[in-house]
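Here the structure is laid out as structure tokens; the discussion comes afterwards.
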Amino acid sequence: MNLSEIHYPRSIQEFLTLVDKEKQVRIIAGATTFGIEQRTRYLSFEPSIACIHYIPELSSLHKTERMISLGAVCTLASLEHIYPFDRAQARDLLRSIGTSAVRELATIGGHIMYSKRFLALWALLASLDAEVEFRSPSKTTIKNIWYLADQDGLPNMEQNMLLTRVRVPLQALDHLFIRKIGSGIFPEGDGGYLVSTASIDRRSLANFKLVIAGERAFRDIEAEQKIASSSFPLSNKTIQSATRLYGESLRKRGYWNTEVLLPLISQALQDLQRTRI
Amino acid sequence: MNIEFTLNGNAQKANITSAERAVDVLVGHFDIHSLSANCLSGKCGGCLILLDGKPVYSCIMPAFMLRERRVETLEAFQKTKEFTIISTEFQKEGIDLCCGGESALMLLALYLLRKSLAPSDEDIREALANAYCDCAAPEQYIHTLRSAIRRLDTARKAP
């Protein structure tokens, strides 16, 4: 049993001063991942922990004309009625995470920053081009959530930086396709999610994205562009050709079971084909 | 370290370590025996509390997260008129709640009642998923809770 020194910063500035002084501080928001993963009676953390739950700026939620901005310690339960979780499929995905008694504790920041794998909401947020904002004593960084995956598709979380906000651009979600792959996601299991999203403007597609995330993350920008540049509704030929592209790309990267995923990708594209405005 | 929080309406202080789970502090330091830490993974519901009015599992929550929060357990709810009405309704329906599930099911009923006097079936099922208890089937729980709400409403309107 390790005992840690617990800090309760009251502002981002206070947190940054602490990090500057202590260098190695474990950030704790909802702490559910620790509570569930550690099956022993006593919990173990790093020698110094910062509980960021008490920073008011991190629990605020703003909506503008262009985006939803979520503070990193917003609980998963608090997201249920806001975009994109106001859509039935996305809400079902959110509700697949534990039960409401877990979601009242778990935070969006902790969910995104889990370093061992990509958790349930990651593929959806990536397909919506969500941005993440990080703060360190010396800088503020804003990046597309996709860049939390490295070249091999593995989680590549920022070290010693505080995730402060998650921004989800608002867009017409004319097509939303979500499928679970494999078994469990957390704390063990080989599962993941395939999510595809698109906006449709008359006869053209905009913002088509298809993301797969679990132990690794996958996306093929070339295939997305090919689909987005096709006329809408998609022809069967376009679907076949795009599915072939995805197949080649998956085999090349070699970390997913291509034979299992291709029928799902094909289903996603057929669902897109059937979408009516 | 010392933390302060509110337990069943009373301000409390506790000397805790980073290693303790909230459920262990509530049971060990404050004799909250309606709680049990069986699974330590947020599944069984034996450790369910209302934290700032919302149901959470205290077994997956470090004790240091209790700081400045408001905790409610069955011990306080048992002293209220609402509890008497709800438990009478459960008895009438022949639902004999086991000791492991009673605390969670009653606190969930309290949470639902505070949220709305007309909770939807979906809301009730969603809340019910937090307790692992075979004493009451979901449909029976929904029916009983609705009867209890009607009785509560009548009781509140009575002079």
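Residue numbers begin at 1 in each chain, while the letters A, B, ... track the order of the sequences. Predicted model only: the values in this text are computed from it and were never measured.
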Item to check | Contacting region of B:A37 [heavy-atom separation from chain A under 4.5 Å] | outcome: both
Checklist entry - What closest approach, in Å, do B:C47 and B:C59 show between heavy atoms, and which atom pair accounts for it? => result SG-N, 3.3 Å
Item to check | B:L48 versus chain A, the contacting section by heavy-atom distance below 4.5 Å | outcome: side chain
Checklist entry - For the atom pair CG (B:L110) and CG (B:L107), what is the distance rounded to the nearest 0.5 Å? => result 6.5 Å
Checklist entry - Who among A:G98, A:G35, A:C51 has the most heavy-atom pairs with chain B under 4.5 Å? => result A:G35
Next on the checklist: Once salt bridge (charged side-chain N to carboxylate O under 4.0 Å, His left out) is applied, what residue pairs with a partner in residues 81-91 of chain B remain, sequence neighbours excluded?
Outcome noted: B:E82-B:R156, B:E89-B:K92, B:E89-B:R151
Checklist outcome for this item: Okay, A:A106 and chain B: the region with an atom under 4.5 Å from a heavy atom over there is neither
Checklist entry - Checking B:I3 against chain A: side chain, backbone, both or neither under 4.5 Å from a heavy atom? => result side chain
Item to check | Parallel, tilted or perpendicular: rings of B:Y141 and B:F90 (30°, 60°) | outcome: tilted
Item to check | Of all pairs that satisfy ring pair (Phe, Tyr, Trp, His ring centres under 6.0 Å), the ones with a partner from residues 19-40 of chain A, not counting sequence neighbours | outcome: A:F34-A:F45
Checklist entry - Are a donor atom and an acceptor atom from the side chains of B:T144 and B:E93 found within less than 3.5 Å of each other? => result no
Atom pairs (donor, acceptor) spanning chain B and chain A, under 3.5 Å:
residue : atom : partner : partner atom : Å
B:S18   : OG   : A:S4    : N            : 2.8
B:A19   : O    : A:L43   : N            : 2.8
B:R21   : NE   : A:T40   : O            : 3.4
B:R21   : NE   : A:R41   : O            : 3.1
B:R21   : NH1  : A:G35   : O            : 3.1
B:R21   : NH2  : A:Q38   : O            : 2.4
B:R21   : NH2  : A:T40   : O            : 2.7
B:D24   : OD1  : A:R41   : NE           : 3.4
B:D24   : OD1  : A:R41   : NH2          : 2.7
B:D24   : OD2  : A:R41   : NE           : 3.1
B:Y57   : OH   : A:T99   : OG1          : 3.0
B:F64   : O    : A:Y8    : OH           : 2.8
B:M65   : O    : A:Y54   : OH           : 3.4
B:R67   : O    : A:Y54   : OH           : 2.6
B:E68   : OE1  : A:R10   : NH1          : 3.2
B:E68   : OE1  : A:R10   : NH2          : 3.1
B:E68   : OE2  : A:R10   : NH2          : 2.5
B:R69   : NH1  : A:H53   : NE2          : 3.2
B:E122  : OE2  : A:R95   : NH1          : 2.7
B:E126  : OE2  : A:R103  : NH2          : 2.2
B:N130  : OD1  : A:T99   : OG1          : 2.4
B:N130  : OD1  : A:S100  : N            : 3.3
B:N130  : OD1  : A:A101  : N            : 2.9
B:N130  : ND2  : A:S100  : OG           : 2.7

Checklist entry - Does the separation of the ring centres of B:F64 and B:F5 fall below 6.0 angstrom? => result no
Checklist entry - chain A heavy atoms under 4.5 Å from B:M65: which part of the residue, side chain, backbone, both or neither? => result both
Checklist entry - Between B:L66 and B:I16, is a side chain to side chain contact (heavy atoms under 4.5 Å, CB included) present by the stated rule, with each step listed? => result CA-CA 10 Å; B:L66 287 172; B:I16 53 124; over 6 Å; no
Checklist entry - Quick one: side-chain contact (heavy atoms from CB on, under 4.5 Å) partners of A:I27, sequence neighbours excluded? => result A:F15, A:I52, A:L162
Next on the checklist: For B:L51, which atoms come within 4.5 Å of any heavy atom of chain A: side chain, backbone, both, or neither?
Outcome noted: side chain
